[in-house]
Amino acid sequence: MNQAELVMEGISYNGDGDRLHIAIVGSGGGAFAAAIRAVEAGARVTMIERGTLGGTCVNVGCVPSKILLRAAEMNHRQMHHPFAGVPTGAGAVDRPALLGQLQTRVEALRRDKYERILADHDGIELTRGHARFTGTGSVVVEQADSGTARLSPDRILIATGASPAVPPIPGLTDTPWWTSTDALFTDEAPQHLAVIGGSFVACEIAQAFRRLGSRVTILARSRLLSYEAPEIGDALESAFESEGIRVLRDTQAGRVSHDSGSFLLELEGENIDADRLLVATGRTPNTADLDLDRAGIETDGRGAVRIDARLQTSVDGIYAVGDCTDMPQLVYVAAAAGTRAAVNMTGGDAMLDLSVVPSVVFTDPQIAAVGLDEAQAHAAGLETVSRRLDLEQVPRALANFDTRGFVRLIAEAESGRLVGARVVAHNGGEIIQSAALAIRAGMTVDGLAGELFPYLTMVESLKLCAQTFRKDVSQ
């Protein structure tokens with residue numbers, strides 16, 4: 001595993017003169033990005049997958065959730081919109097038809113974005129089965145119908161993703177509770193959906209089900225999106241309650257039971273009945289059954305693989321990317337990391353800069369963030385100044401008759417350099433990348449305020465918020 005590669009005529013070789021062999025455990029976005037880059041560098045790749053090709057995003061995450069959210073938004077807008085003279089109303093939602101359309105699109109994207117790549121790249125071989133480490137640099141693959149394969153590749157990449165966490169609530173495991181996957185791929189329309197969790201997955205699915213006709217109650221251990229500043233969760237909670245979603249803060253279920261098709265959640269002070277229960281309390285790295293200890297690979301308390309700035313684990317020649325590590329659980333981060341890990345595995349030197357990572361919670365209004373908030377900046381030793389612009393001051397929001405939300409910019413106090421942005425707005429995710437580029441470019445709020453932004457657009461809210469550092473934009 002310590003042998004130096006030789007790169008000759010575009011092909012990577014190991015120290016014995018053989019073509020460099022890389023084994024990749026997993027087949028999600030990070031795995032495929034790494035495989036493509038490694039093959040381009042001349043390596044041959046063995047990709048090992050025990051489940052559905054493509055990983056979380058295309059199969060049970062980003063793609064199906066956004067289809068469901070968009071369908072729910074369309075249904076909601078038909079019944080609730082602010083424009084005088086435009087009729088409202090909608091019929092009953094045909095959930096089996098919606099599920100069929102969702103499944104068809106997921107299957108098409110998996111075929112076009114993953115299966116076709118395997119067909120087009122002769123250097124990538126797919127092996128079906130469960131991989132386990134048997135030592136440093138050696139992997140055994142238990143194949144369901146063809147015995148056991150043993151591999152001793154030159155490099156190994158772990159990209160096994162994560163799965164829904166199961167909280168230790170008494171009685172829960174004896175009930176037919178839903179994971180996010182169950183909720184996304186059901187054709188049911190429950191009368192009352194109870195949701196345990198206040199993270200982005202819980203919030204997105206909760207709002208989708210409400211907009212498709214279910215009554216929804218959310219049990220948040222502290223508050224919605226507790227990793228963000230309180231004003232973020234407060235704004236989202238207000239929007240949820242205006243749609244009839246009940247949000248219970250600082251609430252945990254003491255016990256869960258199920259009888260005759262109904263869930264009973266025992267809380268302190270009251271009990272809640274629901275016909276379906278979604279548990280969305282985070283995700284756990286898929287590393288428990290890889291036998292990482294046999295290879296000496298270190299993990300943290302959650303089971304996440306520890307990696308360095310070059311995406312390498314504690315063992316030379318073994319790398320890891322994506323949700324099985326402690327990196328942000330975002331598919332575009334995993335893909336970027338996979339590409340860089342492949343560069344390093346084939347003799348290059350690449351690191352992934354995570355100082356500017358935009359993120360979006362796809363509720364309505366959307367929650368978009370990049371850079372530091374005030375608390376994070378102060379923890380990093382930065383003195384900051386920030387301004388908040390409510391959407392009542394944004395012309396496009398007024399024209400849309402939808403002024404829910406705000407924009408907040410955070411700047412270094414002395415220089416005025418932009419260090420963070422938070423957006424709460426309909427389609428706020430379409431705004432945040434401009435803020436990310438401004439942070440990456442080292443722009444000041446004065447510089448941002450002086451830029452030309454198209455009118456009427458929601459992204460103009462960044463310019464207007466930047467102007468509030470010097471003047472009253474209401475004038």
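All values below come from the heavy atoms of this structure, side chains included, with hydrogens, waters and symmetry mates left out. Computed from a prediction, not measured in an experiment: that's the story for all the values here.
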When you check the side-chain N and O atoms of N344 and R340, is any donor under 3.5 Å from an acceptor?
-> no
Just by distance, do the side chain of S214 and the backbone of P190 share a donor-acceptor pair under 3.5 Å?
-> yes
With Y332 as partner, the option from C57, C62, S359 fulfilling side chain to side chain contact (heavy atoms under 4.5 Å, CB included) is S359
Counting N and O atoms only, with roles assigned by atom type, does the side chain of Q366 sit under 3.5 Å from a partner on the main chain of V361, one being a donor and the other an acceptor?
-> no
Where the side chain of T251 meets the backbone of R249, is there a donor-acceptor pair that is under 3.5 Å apart?
-> yes
Donor-acceptor under 3.5 Å (S461 side chain, M458 main chain) = yes
Does T346 use its side chain to pair, donor to acceptor, with the backbone of A342 at less than 3.5 Å?
-> yes
Just by distance, with hydrogens left out, do N286 and S163 show a side-chain donor and acceptor under 3.5 Å apart?
-> yes
Do any N or O atoms from the side chain of S262 and from the backbone of H258 form a donor-acceptor pair under 3.5 angstrom?
-> no
Does CE belonging to M79 count more than 12 external heavy atoms closer than 6.0 Å?
-> yes
Taking atom OH of Y114 as the centre, does the number of heavy atoms from other residues, nucleotides or ligands within less than 6.0 Å exceed 12?
-> yes
Ion pair check, D154 and R44, cut-off under 4.0 Å | no
Side chains of D364 and H426: donor-acceptor distance under 3.5 Å anywhere?
-> yes
Within the distance-only criterion (no hydrogens, no angle test), does the side chain of D326 pair as donor or acceptor with the backbone N or O of A304 below 3.5 angstrom?
-> no
T217 (side chain) donor-acceptor with A194 (main chain) under 3.5 angstrom = no
Between D291 and R132, is there a side-chain N and carboxylate O pair less than 4.0 Å apart?
-> yes
Salt bridge flag under 4.0 Å for residues E228 and R422 = yes
Under 4.0 Å between a Lys/Arg side-chain N and an Asp/Glu carboxylate O for E188 and R276?
-> yes
Without swapping roles, check the side chain of R19 against the backbone of G42 for a donor-acceptor pair under 3.5 Å.
-> yes
Decide, yes or no, whether a salt bridge links E73 with R211 under the criterion of side-chain N to carboxylate O below 4.0 Å.
-> no
Does L264 offer a backbone N or O that forms a donor-acceptor pair with the side chain of D273 under 3.5 Å?
-> no
Could R310 and D349 be called an ion pair, given the rule that one side-chain N must be under 4.0 Å from one carboxylate O?
-> yes
Parallel, tilted or perpendicular: which describes the rings of W178 and F209, with under 30° parallel and over 60° perpendicular?
-> tilted
Step by step, work out the side-chain contact (heavy atoms from CB on, under 4.5 Å) result for M47 and F32.
-> CA-CA 9 Å; M47 182 177 288; F32 264 87; 3.6 Å; yes
Does the side chain of H81 pick up a donor-acceptor pair with the side chain of T88 at under 3.5 Å?
-> no
Could E231 and R408 be called an ion pair, given the rule that one side-chain N must be under 4.0 Å from one carboxylate O?
-> yes
Should we count CD of E270 as having more than 12 external heavy atoms under 6.0 Å?
-> yes
